[in-house]
Structures are given as C-alpha cells and as structure tokens.
Peer 1: 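If you scroll down you'll find the structure; I have some questions about it.
Note that the structure is a prediction, hence the values are computed from the model and not measured. Read the numbers this way: they start at 1 and go in the same order the structure lists the ligands and their atoms. Just so it is clear, the values below take in all heavy atoms, side chains as well, and ignore hydrogens, waters and symmetry mates.
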Amino acid sequence: MKKAILSGITGQDGSYLTEFLLDKGYEIHGLVRRSSQTLRNRLDHLRNSSLGDKLHLHYSDLSDTPTLRRIFKKVQPDEFYHLAGQSHVGLSFEMPESTVKEVANATISLLEICRDLSKPVRIYHAASSEIFGKVSSEKQDENTPMFPTNPYGCAKAFARQMCQVYRESYGMFVCNGILYNHESPRRGENFVTRKITLAAASIALGIADSLELGNIDISKDWGHAKDYVVAMWKMLQTENADDYVIATGKLHSLQNVLEVAFNEFDLNYEDYLKINQKFYRPAESFKLCGNPKKAEVHLEWKRSYSFKEMITEMCRSDFKNLKSQL
Ligand code: NDP
C-alpha cells in the first residue's frame with residue numbers, strides 16, 4: 001500500500017485528491033492546521049466512510065518546520081502532494097508577506113525536509129498559471145517565461161523555480177503542476193465563480209436580491225478540480241519528474257459564468273448585478289490561457305467536464321445546500 005502525505009488536505013483540491021487516492025488504495029496522511037473549529041466540511045464524509053481508517057490527520061502549520069519534519073520522518077511517504085498555502089490572488093495584495101511565507105518559504109522548508117529523508121519521496125508542487133502574469137503569447141506552456149503581476153504569482157514563481165533547482169541539483173523527483181483556475185462545488189466562497197453560483201442560487205431561493213462584483217471584464221481558463229487532481233497523481237507515476245501545464249485551453253469571460261449560472265434559475269444576471277469598486281484589484285492578470293498538450297500526450301490526461309457542466313454543477317449544489325438550511 002502506497003503512503004501519501006498531503007498538505008492543504010482540507011482545501012478544494014486536497015479533498016478531491018484524497019478521495020481519488022483512497023479509492024486507489026493509498027494510505028493518506030493529511031497535514032491540518034489548528035483552528036478553533038474541528039469541522040472539516042470537505043473531508044468529513046471521507047472520515048466517516050469505510051475508507052476512513054486509511055485517512056490520518058496530523059496537526060501542523062506550514063510555518064512549523066520541526067513538526068513537519070517529525071511527521072515526514074515518521075510516515076516515510078512514497079508521495080507528497082504540496083497543496084497548502086494562501087491561494088487567493090486578490091488577498092495576496094492585502095497580505096503579501098504571509099502569502100510569500102506560506103507559498104514560497106514553506107516550500108523550501110518542505111523540500112529540505114524531503115531531501116533529508118532516508119527513503120526518496122516523489123513530490124508534487126502546486127504551481128499556478130499566475131507565474132506567467134504579463135503574457136504576450138495567446139497560450140502558455142511549460143516554456144513560457146515567468147512574469148508574475150501579483151504577490152501570489154511572485155511567490156509561486158519562486159517556489160516553482162526552487163522545485164526545479166532541487167530536481168536538477170539533487171536529482172529529487174519533484175514535479176510542478178502549473179494549473180490554471182479550477183473550480184467545483186467545493187471552491188472557497190470568496191472566489192468569483194463560487195460567489196456567482198452562490199448568489200444565483202440565493203436569489204432563486206429569495207434569500208438575496210443582488211450580487212456585487214468588481215471588474216467583470218476578465219476572462220479565464222476555467223477547469224474542474226476533480227479533473228485536475230487526476231493530473232497531479234499522473235505526474236508522480238511517470239519515469240522522470242517534469243513540469244506540466246494543466247488547463248482547458250479555452251477562455252471564458254466572467255459574463256459567460258454569470259449567464260450560465262443565472263440561466264440555470266431562469267434569471268437574467270443584469271437585473272441583479274452591482275459593480276463595486278471595492279472589489280477591483282490593483283492589477284488584473286492578463287488573459288491566461290494554457291496549452292495542456294504536453295500533459296495530454298505524456299500523461300494521457302484528459303478533462304471530462306465542460307465549462308457549462310461545471311458551473312451548472314456548482315449552481316445545483318449551492319441551491320441544494322441552501323435549500324436544506326431554510
Ligand atoms: P484552497 O484555498 O481551497 O486550500 C488551501 C489549503 O491550504 C487549505 O487546506 C488550507 O487550510 C491550507 N493552508 C493555508 N495556509 C496554511 C498554513 N499556514 N498551514 C497549513 N495549511 C495551510 O486551495 P485549492 O485547493 O484551490 O488549491 C490548492 C493549491 O493549488 C494551492 O496551493 C493553490 O494556490 C494552488 N492553485 C490553485 C488553483 C485553483 O484554481 N484552485 C490554480 C492554481 C494553483 P485551511 O483549510 O485550514 O484554511
């Protein structure tokens with residue numbers, strides 16, 4: 001039985017990856033930080049399932065290197081998926097220092113811990129399309145130069161480069177997954193897609209009457225988190241570690257998200273949308289659209305969700321949850 005450690009197990013990707021790996025027969029060790037509540041909405045269904053005894057949670061903040069080292073030494077994992085960190089681009093302008101500490105510095109600490117392990121571990125690092133930032137090419141791939149335009153992107157660019165350094169200098173098996181935006185019903189509520197699907201469902205149920213957004217003149221390459229965690233696993237099953245862009249290769253505007261979400265409830269978004277300057281960012285990312293060709297060929301990775309299916313699934317899930325609380 002393979003053992004995997006996951007940082008960020010309580011997040012959107014961590015929960016889907018846990019489901020996927022448990023199903024493959026892995027023993028999972030998740031790193032969780034202490035909070036005042038022990039409710040872990042995205043994981044509780046797994047902890048209470050028949051596979052729950054293969055899921056172990058360990059307390060450790062990313063800043064707590066001695067504890068992390070102790071857990072890694074004890075578990076001796078075959079694979080490590082590093083997903084934890086402040087993941088919100090807009091918030092990274094408000095808290096740049098902690099974002100950089102969590103995203104960049106913690107990654108070095110974890111690479112160092114893994115370097116010292118007696119048994120080699122295969123590492124997945126969650127890089128991001130935000131490393132590309134100011135792009136001039138219509139589509140980006142693994143060879144596109146990095147030009148981040150926000151604190152989060154800068155920290156991810158640094159961490160990606162450090163992973164390459166450890167791979168090339170110490171021969172460690174470290175893969176960078178350069179993932180474009182991916183969403184799901186488990187997406188955090190302060191991310192724009194989820195904010196929209198929640199608002200549309202709330203308006204349909206009569207518990208809200210408007211939605212406030214900032215700049216809606218943006219387009220993104222949006223895929224489904226469930227498809228993207230499969231790519232993470234596939235990267236660690238290859239012969240040689242490498243970097244891979246994981247994307248849909250298609251841009252959709254925020255208006256597209258609004259249309260699909262509100263149409264699901266026979267509503268017109270223009271009747272409810274208010275623009276609020278408060279939500280504008282100091283700098284918006286350029287139109288980031290990925291070319292996933294390398295992953296499709298080398299990893300035989302293929303996505304299964306369309307953009308419309310994903311937004312519709314999110315709307316239906318939000319509607320069902322909100323209705324059950326009425
Ligand atoms: P989430 O925000 O849903 O989850 C982040 C996870 O990191 C949570 O488990 C969170 O714990 C944990 N975490 C944050 N800070 C700390 C800390 N100081 N110590 C310990 N744990 C911490 O992110 P996603 O699942 O969406 O993304 C996973 C990774 O992929 C992230 O690194 C993100 O930056 C990256 N990524 C995501 C993309 C996306 O579109 N989703 C695109 C590209 C990259 P807690 O539950 O306690 O808050």
Peer 1: Decide whether an N or O pair under 3.5 Å exists between Ser87 and ligand 1.
Peer 2: yes
Peer 1: Are Arg69 and Asp116 close enough for a salt bridge, meaning some N to O gap below 4.0 Å?
Peer 2: yes
Peer 1: For Lys54 and Asp23: C-alpha separation, side-chain torsions, deciding distance, then whether salt bridge (Lys or Arg N to Asp or Glu O under 4.0 Å) applies.
Peer 2: CA-CA 10 Å; Lys54 290 202 188 129; Asp23 204 44; over 6 Å; no
Peer 1: Would you say Lys156 touches ligand 1, if touching means a heavy atom closer than 4.0 Å?
Peer 2: yes
Peer 1: Please determine whether any non-hydrogen atom of Ser35 lies less than 4.0 Å from an atom of ligand 1.
Peer 2: no
Peer 1: Where does Ala106 meet ligand 1, judged by heavy-atom distances below 4.0 Å: at the side chain, the backbone, both, or neither?
Peer 2: neither
Peer 1: For ligand 1 and Asn181, I'd like to know whether there is a polar contact (N/O to N/O, distance under 3.5 Å).
Peer 2: no
Peer 1: With a 4.0 Å cut-off on heavy atoms, is Ala127 touching ligand 1?
Peer 2: yes
Peer 1: What part of Arg33 sits under 4.0 Å from ligand 1 if we count only heavy atoms: the side chain, the backbone, both or neither?
Peer 2: side chain
Peer 1: May I ask you to decide whether Glu27 forms a salt bridge with Lys2, counting only side-chain N to carboxylate O separations under 4.0 Å?
Peer 2: no
Peer 1: Do NZ/NE/NH1/NH2 and the carboxylate oxygens of Asp227 and Lys302 come within less than 4.0 Å?
Peer 2: no
Peer 1: Taking N or O atoms only and a 3.5 Å limit, does Ser60 qualify as a polar contact for ligand 1?
Peer 2: no
Peer 1: Pairs of nitrogen or oxygen atoms closer than 3.5 Å, one from Gly11 and one from ligand 1: do any exist?
Peer 2: yes
Peer 1: What are the atoms of ligand 1, with element, lying closer than 4.0 Å to any heavy atom of Gly85?
Peer 2: 5 (C), 7 (O), 12 (C), 13 (N), 14 (C), 15 (N)
Peer 1: Let me know which of Leu62, Ile5, Leu6 forms a side chain to side chain contact (heavy atoms under 4.5 Å, CB included) with His82.
Peer 2: Leu62
Peer 1: I need the nearest protein heavy-atom contact for atom 36 (N) of ligand 1: residue, atom name and distance, please.
Peer 2: Tyr152 OH, 3.6 Å
Peer 1: Looking only at protein heavy atoms, identify the closest one to atom 9 (O) of ligand 1 and say how far it is in Å.
Peer 2: Thr10 OG1, 2.6 Å
Peer 1: With respect to Ala126, determine whether any N or O atom, backbone or side chain, lies less than 3.5 Å from an N or O atom of ligand 1.
Peer 2: no
Peer 1: With respect to Gly14, determine whether any N or O atom, backbone or side chain, lies less than 3.5 Å from an N or O atom of ligand 1.
Peer 2: no
Peer 1: Would you mind listing which atoms of ligand 1 come within a distance below 4.0 Å of any non-hydrogen atom of Ser128?
Peer 2: 43 (C), 44 (C)
Peer 1: Any N or O of Ser129 that comes nearer than 3.5 Å to an N or O of ligand 1?
Peer 2: no
Peer 1: Does ligand 1 have any atom that is closer than 4.0 Å to a heavy atom of Arg40?
Peer 2: no
Peer 1: Between Arg316 and Glu313 (salt bridge meaning N to carboxylate O under 4.0 Å), is one present in this structure?
Peer 2: no
Peer 1: Under 6.0 Å between ring centres: does that hold for Tyr152 and His88?
Peer 2: no
